[in-house]
Student: 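Structure in structure tokens, see below.
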Amino acid sequence: MSQYDRHLTTEQLSAYLDKQLPEEEQAEYDAHLKTCEQCQQALAGLRQTVVLLRALPQPKLPRSFVLPADTVFTPLSIEEDLPSAQEEAHPVTPISIAQARTRRRARSGYGRNFMRIMSGLVAVLGVVLVLTACPAGLPHGGGAASSTTSSGGFSSAASSGNAPRVQSATNKTAASADNQLTVTPDIRTPDQAQLTEATASANQLQSASASVTQPPVVSAPTPNTQQVQPLESNQPPSPVILFFDLSQAPGRAGLGILLAIAGTMGLRFFRRRQTTTD
Amino acid sequence: MNKLARDDEEQLIARSQRGEVDAFNLLVLQYQQIMYNAVYRLLGDYEAAADVTQDAFFAAFRAIQTYRGGSSFRAWLLRIGSNMACDHWRRVQRRPAESLEALTEDEEPHAPNVLSALASSGPEGNPEEMLLSQELQELIQQGLQQLPLDQRTAVVLCDIEGLSYEEVAQATQTTLGTVRSRISRGRVRLRNYLQAHQELLPRNYRLSNSND
């Protein structure tokens, strides 16, 4: 006579199959199974499933997974957690380096890609500026074509109208021999100054142009249509450093070269950071 | 490859914890088949399994100092591997592979030539020597991929990799009770899946049906 009025659950049968029960229970179930056909069949079904699973062949190794000999050892500290399944991790669980790396790789892939794209754009921008500077020619002065590109808003303090761009403190430029200082107020394109490029040089230029409000300007020898107030010298207070006069070819060329360099550097910088071992 | 003696393995682990890559690589050679196997069975994709396996070994090397002696190193490795596989699965959210849709969708009798191919060396009574046909293997793999991740992991670790309940608990960071429950539910669910498609299997592979 069976000791059980009801049948064994699949969980019990499963554990019985794996001999994962304490001896007592194992024996009890044993006894029940002897007399209960329904449970016997259920057990047989479970057993067959397990047999099928165990019969699955091992897939052939596609290659060796040994780590490269020059792998850098960057150990997790004891306190940090192993990579844990996200599903079970509490929100406050500190993320292990490996898990963070996995996420970071996914995320920084996008971040890196974004930076690469931006660097590329900056580089292209720079090249375009240089190109527009060339046909314009030096004597031309650029004129209305100064804002061909979206990088308007930059003003340059060139020692002479045609002198190469000078990246120096504003005070210095004031001391240049020629008094032909050309400064164009950036009010005409204030938001164009907000370039989306996040490169360092762009930041520099941005902060330069952003802080320029109403710079005292010096009339340029070139007949351009900008609002230029004739002044002989550049006022020291403007802390801005880099000004490129886009109305003039050299200004554009200079800015273009600068951007091209920055873009190229950005491209290389964001490409080199391949995750090798980590 | 000969199974490493326990002492040897402990030696290698200790050296790995000091940063010796070549020592760790000997462990990799020892466990890579197991890792790849488990990850493949979890994901059903050979390429993804290779990627995840490689990542898992890198992660394991980095985390090697967190391994405490005395617990199963195999379970410790598979914990990393299965976690990363599950993460990958959740990221990708793949549907069951299309390769089997033709087989399972309509439940029609298969073409004769395929059926005869199924009747290869059958399990003439000795389960240990059972050779599964390609189609049956794929069917089981599909069944695995239908399982919820936690049940799938438990079943793969226990029934395919042969881990004990304790090791499975260690690898999944859960209790024995949870392990037991997940394994049983996974098995039942897999069994139901196979039964639903067993018309496609040759008679000697068919599961005994309690409804028969």
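Note that the structure is predicted; figures quoted are calculated from it, not measured. In what follows, chains are A, B, ... by sequence order, proteins preceding strands, each numbered from 1.
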Student: Please look at B:Asp159 and chain A and tell me whether the side chain, the backbone, both or neither of the residue comes under 4.5 angstrom of a heavy atom of that chain.
Tutor: both
Student: Can you see whether A:Tyr16 engages A:Asp30 through a side-chain donor-acceptor pair at a distance of less than 3.5 angstrom?
Tutor: yes
Student: Which residue, A:Glu25, A:Gln26, A:His32, forms the side-chain hydrogen bond (donor to acceptor under 3.5 Å, both in side chains) with A:Tyr29?
Tutor: A:Glu25
Student: With chain A, which of B:Ile34, B:Asn37, B:Val28 has the greatest number of heavy-atom pairs at distances under 4.5 Å?
Tutor: B:Asn37
Student: Relative to chain A, which segment of B:Ser16 carries a heavy atom at a distance below 4.5 Å: side chain, backbone, both, or neither?
Tutor: backbone
Student: Can you tell me which of B:Gln141, B:Glu161, B:Arg41 forms the most heavy-atom pairs within a distance under 4.5 Å of chain A?
Tutor: B:Arg41
Student: I'd like to know if A:Arg47 pairs up with A:Asp18 as an ion pair, taking the criterion as any Lys NZ or Arg NE/NH1/NH2 lying under 4.0 Å from an Asp or Glu carboxylate oxygen.
Tutor: no
Student: With only heavy atoms counted, which part of A:Leu17 is less than 4.5 Å from chain B, the side chain, the backbone, both or neither?
Tutor: side chain
Student: Is any side-chain heavy atom of B:Ile64 less than 4.5 Å from a side-chain heavy atom of A:Phe73?
Tutor: yes
Student: Who pairs with B:Gln17 by side chain to side chain donor-acceptor pair (under 3.5 Å), at least two apart in sequence or on another chain?
Tutor: none
Student: In terms of heavy-atom proximity below 4.5 Å to chain A, should B:Leu176 be classed as side chain, backbone, both, or neither?
Tutor: neither
Student: Is A:Ala15 close to chain B through its backbone or its side chain, or both, or neither, when contacts mean heavy atoms under 4.5 Å?
Tutor: both
Student: So which part of B:Val179 gets closer than 4.5 Å to some heavy atom of chain A, the side chain, the backbone, both or neither?
Tutor: neither
Student: Can you check whether B:Phe57 and B:Tyr31 have ring centres sitting under 6.0 Å from each other?
Tutor: no
Student: Name the member of A:Leu13, A:Val50, A:Thr9, A:Thr10 that forms the most heavy-atom pairs with chain B at distances under 4.5 Å.
Tutor: A:Val50
Student: Under the rule for salt bridge (charged side-chain N to carboxylate O under 4.0 Å, His left out), what residues qualify as partners of B:Glu167, not counting sequence neighbours?
Tutor: B:Arg74
